[in-house]
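Okay, structure first, notes after.
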2 protein chains.
Amino acid sequence: MSDGAIGLIETEAGAVPRNGERRRGIDRVIVLLEALLRHRAPMRVGDIARMIGAPRSTTYEIVNSLLEAEMLENVGTEGYVYFGRAMHLFGWAYSHHNAHYRRIIETLDRMAAETGETVQLCGLRGNKYIVLDCRDSSGPFRISSDVGVEVPIPWTASGRLLLGHMSEEEVEDFIPPGDYKLPDGRVIAPAEFFSDVALARQQGFSETAALADRFTWCMAAPIRDGHGAINKTLCFVLPVDTPEARRSELLALLCERARALSLAGS
Amino acid sequence: MSDGAIGLIETEAGAVPRNGERRRGIDRVIVLLEALLRHRAPMRVGDIARMIGAPRSTTYEIVNSLLEAEMLENVGTEGYVYFGRAMHLFGWAYSHHNAHYRRIIETLDRMAAETGETVQLCGLRGNKYIVLDCRDSSGPFRISSDVGVEVPIPWTASGRLLLGHMSEEEVEDFIPPGDYKLPDGRVIAPAEFFSDVALARQQGFSETAALADRFTWCMAAPIRDGHGAINKTLCFVLPVDTPEARRSELLALLCERARALSLAGS
DNA sequence: CGTTATTGTCTGATATTTCAGACAATATGT
DNA sequence: ACATATTGTCTGAAATATCAGACAATAACG
C-alpha cells in the first residue's frame with residue numbers, strides 16, 4: 001500500500017454487491033472522482049481500485065479513459081493519478097456562468113486583500129458542511145482548510161446558520177448522532193447545539209472559538225437567496241487569540257458584505 | 001430548438017457510427033462534458049442529445065446520473081442543465097494540489113490587482129490554444145475571453161511562444177491549414193507565422209496587435225518548466241490604443257513575473 | 001383548430017462492457 | 001536467495017447498459 005489508511009468506500013445504493021453483480025461504468029467514474037476528492041492526493045490505480053471496491057482490470061480501463069480525456073492526469077512517474085486539466089476548465093465554467101456566484105468570488109478576493117485574513121465561502125452538501133471556496137491568509141499564521149472536504153455540521157460556525165430554517169426536531173433528524181463528537185473527543189450536547197442554531201438565526205451571524213481545533217476563532221454570516229433562505233455563508237477563520245477589537249471590526253465587515261451579496265426577496 | 005447554432009460534434013475515434021453500433025457510457029459522459037464546455041451555456045437534454053449524437057433515451061439516463069452526482073445541475077425551470085458544484089470542487093482540487101500552479105495563480109491575482117489589466121494564463125490543448133485561467137480587467141474597457149475555449153494557435157501571441165520548441169517543419173505539420181484564417185477573413189501566410197515563432201523564441205516574448213480582433217493588443221511571456229520547455233504563458237490583453245510607454249512598462253513586468261515563475265533547469 | 005415539434009418516461013432485445021482470473025515483470029521484505 | 005505483493009496487460013464469457021422506437025403530454029405555429 002502506498003500510504004495512509006485507505007478504506008473501502010460504501011456506495012449509497014447497493015450495500016454489499018452480490019457476487020456476479022456488475023456496476024455501470026458511469027457510476028464507477030462518479031465514485032472514483034469522489035474518492036479522489038476525499039483522499040486529496042494523487043493515488044495509484046491499485047489503491048483506487050481497492051478504495052472504490054472495483055476490480056483492478058475495470059479500474060485500469062476507466063482510469064485510462066479519464067486520462068485520455070484529461071479529466072485525470074499522471075502525477076510523478078510512479079503511476080499516481082489525480083484530477084486533470086479538464087476538471088479545472090469544467091469547474092471554472094461552473095463558477096463563472098452565474099452572475100451571483102461571480103459577485104461572491106469578487107467579494108471573497110476583495111475581503112482577503114483588504115484584511116489579509118483567511119476568508120471562506122461555505123455551504124452544505126447533504127448533511128455535511130463543506131468549504132466551497134477560500135482565500136488563505138497571507139500572514140505567517142496560515143490556517144488553511146480544504147475545499148470540498150465534508151465536515152460534520154456541529155463543528156462549524158457556518159453550520160449553525162445553515163440550519164436556521166429547520167425546527168429543532170428537523171435538526172435532530174438531520175444530523176447524524178456521531179457528528180456531535182468533536183475531533184478531540186469532546187461531545188456537544190444536542191440541546192446546546194439547538195440553542196446555538198436559534199441564537200445564530202436571531203443574531204444573523206455565528207461565532208465559534210476553539211471548537212473544531214484549539215487554534216481558530218471562526219465567524220460566519222449568511223448569504224440569503226431570493227427567498228430569504230440561507231444557502232451559503234461567508235466566514236473568517238482567525239487565530240483564536242485575535243484581540244476583541246479586531247474581531248468585532250471584522251465581524252461588522254463580514255455581516256455587511258454578506259448582506260450585500262444576499263438577493264432581494266422575491 | 002432553444003437557441004444558437006447547435007451542430008453535431010464529431011468524436012475523434014469513430015467517424016460515422018455504423019448503425020447497430022453502440023458507445024460506452026463513459027465516452028458519452030466525456031463527450032457530453034466537452035460539448036457543454038464549448039457551448040458555454042446551460043443546455044436542454046434534447047439539444048445535448050443532438051449535439052453529441054446520442055439517442056435521447058441514453059442522454060436522459062446519463063444526464064440524470066450526473067445530476068445526482070452534482071456533476072451537472074439544473075439551471076432555471078425549463079429543463080436546462082449545466083456544470084454542477086462537484087465540478088467546481090474537482091477543479092479546485094486540481095489547481096491547488098500542485099505548488100507550482102498555486103504560485104502561478106497568486107501571481108495572476110497580484111498582477112491583476114497591481115495593473116488593473118486583463119491577465120491570462122494560457123497553454124495548449126492538442127493543437128489548439130486555450131486560456132487556462134484569467135483575471136478580467138477591472139476597468140470599463142473589459143475584454144474577457146472564456147477559459148477553456150479552443151482557439152487556433154496562429155490567432156494568438158502566446159501560440160507563437162508555445163511552439164518555440166518546434167522546427168518550421170514540425171509547426172507546419174502541427175497546425176491545421178484552416179487555422180491560419182482569421183475570424184475577419186484575412187489569412188496569415190504560414191511563412192510569416194514561422195518567422196513570428198522564431199522571433200518570439202529569440203526575443204523571449206511575443207506581441208500581437210489587432211490580430212484575432214480589432215480591439216486588442218496582446219503580449220505574452222513564457223513560463224518554463226524544469227527542462228526549459230514552454231508549457232504555459234502569462235499574457236496581458238490590452239486595449240489596442242494603449243500608449244507605447246504603458247505597454248513597455250507592462251511588458252517588462254510580464255517578462256519579469258513569468259521568469260520568476262519558471263522553474264530552474266534540472 | 002389542426003399540424004408539427006418537443007419533452008420526459010418506458011420497454012424489450014442485443015451488442016458490448018464489466019468482470020474474474022491468469023500472466024510476466026518488477027518491487028519489497030526477510 | 002526465497003517468498004510475497006504489486007503493476008500493467010490480456011482473455012473469454014456472462015450480465016447488462018445502450019439503443020430504437022413507442023407513448024402520452026405539452027408546447028409552438030400558422
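Here is how names work: the chains are called A, B, and so on, in the same order as the sequence lines, proteins then strands, and each is numbered from 1.
Atom CD1 in A:I48 sits roughly 11 Å away from atom P in D:dG8 (whole-Å rounding). Between B:M43 atom CE and C:dT6 atom P there is a gap of 14 Å when expressed in whole angstrom units. For the pair B:N64 CG and D:dT18 P, the interatomic distance rounds to 13 Å; values are reported in whole Å. Between B:D27 atom CG and D:dC19 atom P there is a gap of 10 Å when expressed in whole angstrom units. Per the geometry, CD belonging to B:E61 stands 12 Å off C1' belonging to D:dT16, to the nearest Å. In this structure, the CD atom of A:E78 is 14 Å from the P atom of C:dT26, given to the nearest Å.
Applying the 4.0 Å criterion to OP1 and OP2 of D:dT16, one finds that A:R23 has every side-chain N and O outside that range. Here A:R24 reaches the OP1 or OP2 of D:dT18: one of its side-chain N or O atoms lies under 4.0 Å away. Taking 4.0 angstrom as the limit, A:R28 places none of its side-chain polar atoms (N or O) nearer than this to OP1 or OP2 of C:dT17.
Partners of A:Y82 under the ring-ring contact (aromatic ring centres under 6.0 Å, His included) rule, at least two apart in sequence or in another chain, are B:H97. With sequence neighbours excluded, the residues that form a salt bridge (charged side-chain N to carboxylate O under 4.0 Å, His left out) with B:E70 are A:R125, B:R85. Qualifying salt bridge (charged side-chain N to carboxylate O under 4.0 Å, His left out) partners for A:R135, counting only residues two or more places apart in sequence or in other chains: A:D109, A:D133. By the salt bridge (charged side-chain N to carboxylate O under 4.0 Å, His left out) test, A:R40 is found to be paired with A:D146, residues two or more places apart in sequence or in another chain being considered. With sequence neighbours left out, B:F90 forms a ring-ring contact (aromatic ring centres under 6.0 Å, His included) with A:F83. For B:D173, there are no salt bridge (charged side-chain N to carboxylate O under 4.0 Å, His left out) partners at least two apart in sequence or on another chain.
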Write out a two-atom table: protein N or O, nucleotide N or O from nucleotides 10-13 of chain D, distance below 3.5 Å.
none

List, one per line, each side-chain donor-acceptor pair under 3.5 Å for residues 228-235 of chain A, sequence neighbours excluded.
residue: A:N231; atom: ND2; partner: A:D225; partner atom: OD2; Å: 3.1
residue: A:T233; atom: OG1; partner: A:S158; partner atom: OG; Å: 2.8

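Salt-bridge annotation for B:D179 and B:K128: present, with a side-chain N of the basic residue lying under 4.0 Å from a carboxylate O of the acidic one. Taking a cutoff of 4.0 Å between a charged side-chain nitrogen and a carboxylate oxygen, B:E61 and B:R56 do not qualify as a salt bridge.
Across the interface with DNA chain D, nearest-nucleotide mapping of B:R56 and A:Y60 shows A:Y60 to be the residue nearer the 5′ end.
Each end of the helix from C:dC1-D:dG30 to C:dT30-D:dA1 gets its own axis, taken as the rotation carrying the C1' atoms of four end pairs onto the next four within a five-pair window, and the two axes meet at 60° to the nearest 10 degrees.
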